[in-house]
Amino acid sequence: MELLRSANRGCPLCSLIIRKDQIHRSQDSYLDDLDENSDSELRDPQIYISISGDDSGEEQVLFIEQCLEGNDGRNLAASRLLMSLSIYAEPDDPAAINSIITGRPVSPLPLSDATYAMIKNWFKTCGESHLACEEHVTKPLPTRVIDVGSIKGGLSEKIFVSKGKCADWVALSHCWGGVIQKSTTTTNLQDREQLLIVEELPKNFRNAIEITRWLGYRYLWIDSLCILQDSHEDWVREATQMANVYKHAVVTIAAESAMSSETGILRERNTDAGAIAIPYCSLSQGIEGKFYIRELSYGDEIHPLQQRAWTLQEVFLSPRVLHFTNQQIIWSCHTTSLPESNPAHTRPILQSIYCWKTEDRKSEDSILSLWYSLLNDYSYRRLTYSNDSLLALSAIAKETQELTGFTYKAGIWEEDMHRGLLWSVGGLGVRSSECSLPSWSWASLDFSSGQPEGHPFYIHLGDSEARIATFDATFERCDVIEADEGAYGRVLSGRLAVVGQCQAIADVSKRSKPYFLKGESFSLADVREGDIMEQIYLLRSRLPFSRNQTICDIDDLLFRAKVGWTSRPRCPLHNHTEEANLNVRGTKFNAIESGLVQEDKSIIYLQISKWTGFWGEDGVLFALILEPTGLLDEYRRIGVAQIPEDNGIAEVGWKRQRLYIV
């Protein structure tokens, strides 16, 4: 109430908080953060203001709401961040002297002189002082590029066939947003080699040409203008060179906020509009000045470009990227990320994602960990054509192969097959009837619309620091028939020969009733510290299954059950979706009636790996769930199971056999 009264009296800061409309969480919702035996008591929500620096060193004002107090130490569990606002000062203000306040205003015009000077300084700093960033070396141009002419004008734009010429070029990463008009084809290529009519191109392309010329470069690569869109042969040839296009570009323009090719990259920014002036005083330094609070969340917004599958490898492989957002320009390289709003400070690239070839990323385990992290990111992204699921990741796969020497089989590394097969989607996957990919590959799922919000694609890698992994299955042969794009492109079929311990799901169900995941994401292999089963029990106390149940994740449960999906808030404590709404005509999904658990014992578990604690305590067994195809000893994957080694559940009734998975 005090906040509202203050806003009504004209306080701009209080009015800003009210406008954000984020103070709406009821007291009752905080009960979810308490254990049943908690002694904490609810009280009226209180808002606390804290000033702190983020990962980049930029100062932020944090508004935190707390709704609990008591003697059980659970105050933090009942706190939530309402909003964060950034701070900036004018460069010549006393508050900015000696970098007291490092945030700076953002120019309304993205291609201003001040912005140009800032970007050139970023280039200079990267080239001179970033050890993880390789020195740029001019390489032969891609097959075709756009000649944008000179910055002074006088030369017309055209498609330039490079014929091996060496020069620097800029690449564009963007969202198509549907069919792109005025793309380059076999019929108009000859004319465009003489003159490219810029006025008829989509707005993103016109802006990219302007940015390239503004930066002082002559050549630009855009996929739909530099690859013949009506020639499959040309597309296949150029697709195999995609990695080199972005790896060797002097810089990549990332059209982060443009939803389609017609949206445009360059727009006037109002980042600092409505900023609130606050007096600044430092008694220790005898300085008085002024700083500003603005609504700007650096790094938190999910942009349209980050939702497109193809752009993951484009940005990942690029040594330098200029991210054009609606609010500001952000620089990223193999070392750091720098926002226009705070150009002097650095934000380290999280998890060394861009540091692909630095010393601490060269071990096979670390490279594979990065691969699986990128695969998780990739699963959230959308594809226009579902059969591009491997192609859109092919450049990263090729880089991984060059660093490890591993063999790539339909999206899975043959040398890491025991882990690569244990992918999970919480029952929310969809398999197209037209898909030719083998069922054991994650790419057999339809990624055209991305995974449902709130649920990650998950690989059961296990916590190697607290677990010992043993692998039971023996993979004798993996045959994959590839399309004309090669080992990293489309797959026509695949067959995996494996010898391992098998048992009918119906038999195991008599000892361990299966719980079928319905939107949750949970891995028993990630439980650590102390007795593993006790930890599993404690974590499960908040989940809808019991201690000795087998956790089954049917890849396309939603599709099989023909149900509706409603995303619910994610539980911050246990990494699952609260009260996942998965109903079949008003009743809960019944695995027995659906045929997943049946008396004919045709559906089986195949043991893949087991994770146990260092002291030999009971662990968890991971198995594929397979259904027969009708051919002798041939099966297809339909899911993955986590079987707890509790009271011998995972030890009785298994038979070793050879089978084939397609």
Side-chain angles (χ1 to χ4, degrees), residues 172-180 183 202 204 222-224 227 229 235 239 242 246 252-265 300-318 321 323-326 353 371-397 410-411 423-437 441-459 485 488-491 519 521 555-556 558-559 564-567 570 577:
L172 175 65
S173 180
H174 68 108
C175 292
W176 282 42
V179 177
I180 293 181
S183 58
N204 282 1
I222 300 176
D223 47 13
S224 61
I227 300 176
Q229 297 301 298
W235 190 91
M242 194 81 70
Y246 288 96
T252 293
I253 298 168
E256 295 285 350
S257 301
M259 297 184 66
S260 73
S261 60
E262 291 290 353
T263 303
I265 305 172
D300 295 333
E301 183 180 358
I302 303 298
H303 299 286
L305 193 69
Q306 295 169 322
Q307 298 174 341
R308 182 178 175 236
W310 280 95
T311 61
L312 174 65
Q313 64 182 13
E314 294 170 0
V315 173
F316 176 80
L317 293 172
S318 299
V321 183
H323 305 264
F324 283 78
T325 75
N326 287 335
I353 281 184
W371 163 263
Y372 290 123
S373 176
L374 290 168
L375 190 55
N376 179 62
D377 183 343
Y378 182 76
S379 72
Y380 281 101
R381 297 168 179 250
R382 295 181 174 86
L383 279 167
T384 303
Y385 305 104
S386 60
N387 58 357
D388 284 347
S389 57
L390 290 175
L391 274 172
L393 199 63
S394 59
I396 294 178
W423 48 268
S424 171
V425 291
L428 304 182
V430 175
R431 276 198 176 94
S432 170
S433 59
E434 301 176 357
C435 180
S436 62
L437 282 150
S441 169
W442 55 265
S444 64
L445 297 181
D446 185 351
F447 281 81
S448 60
S449 59
Q451 294 300 303
E453 182 180 357
H455 177 77
F457 174 90
Y458 195 85
I459 299 278
E485 298 93 359
Y488 308 101
R490 295 183 180 93
V491 169
S521 173
D555 300 336
D556 54 352
L558 178 148
F559 181 77
W565 166 254
T566 302
S567 179
R570 292 183 60 76
T577 305

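Fair warning: this is a prediction, and the values are worked out from it, not measured in the lab.
Looking at Ser173, its side chain never comes within 3.5 Å of a backbone N or O of Glu314 through a donor-acceptor pair. The main-chain N or O of Gly264 is found under 3.5 Å from a side-chain atom of Asn204 such that the two form a donor-acceptor pair. Counting only distance, with no hydrogens or angles, the side chain of Tyr246 and the backbone of Leu172 share a donor-acceptor pair below 3.5 Å. Checking side-chain atoms of Arg308 against main-chain N and O of His174 turns up a donor-acceptor pair under 3.5 Å.
One finds the CG atom of Asp388 at 12.0 Å from the CG atom of Leu393 (value rounded to the nearest 0.5 Å). Taking OG1 of Thr311 as the start and CZ of Arg381 as the end, the distance is 4.5 Å to the nearest 0.5 Å. Considering OG of Ser257 and CD1 of Ile265, their distance stands at 10.5 Å, rounded to 0.5 Å. Expressed to the nearest 0.5 Å, how far CG of Asp223 lies from CH2 of Trp235 amounts to 10.5 Å.
Minimum interatomic distance between Pro304 and Ala258 (heavy atoms only, all atoms of both residues): CB-O, 4.0 Å. For Gln313 against Ser394, the heavy-atom pair with the smallest separation is OE1-N, 3.3 Å. Nearest heavy atom pair, residue Ser318 against residue Thr252, reads OG-OG1, 2.7 Å. The two residues Ser441 and Ser444 come nearest to each other via the heavy atoms O-OG, 2.7 Å.
Residues forming a side chain to side chain contact (heavy atoms under 4.5 Å, CB included) with Ser224 (at least two apart in sequence, or on another chain): Trp176, Ile180, Ser183, Phe205, Ile222, Gln229. Legend: residues meeting side chain to side chain contact (heavy atoms under 4.5 Å, CB included) with Ala254, ordered by chain and number and at least two apart, are Glu256, Leu305, Val321, His323.
Considering only heavy atoms from C-beta on, Ile396 stays 4.5 Å or farther from Tyr488 through its side chain. Two residues are said to be in side-chain contact when any heavy atoms from C-beta on lie closer than 4.5 Å; Phe316 and Asp377 fail this criterion. In this structure the side chain of Thr263 never reaches within 4.5 angstrom of the side chain of Cys175, judged on heavy atoms. Using a 4.5 Å cut-off on side-chain heavy atoms (C-beta onward), Trp423 and Leu445 make contact.
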**Request:** Please step through side chain to side chain contact (heavy atoms under 4.5 Å, CB included) for the pair Tyr378 and Leu383, ending with a clear verdict.
**Result:** CA-CA 10 Å; Tyr378 182 76; Leu383 279 167; 3.8 Å; yes

**Request:** Would you sort out whether Leu437 and Ser389 count as a side chain to side chain contact (heavy atoms under 4.5 Å, CB included), showing the intermediate values?
**Result:** CA-CA 10 Å; Leu437 282 150; Ser389 57; 4.1 Å; yes

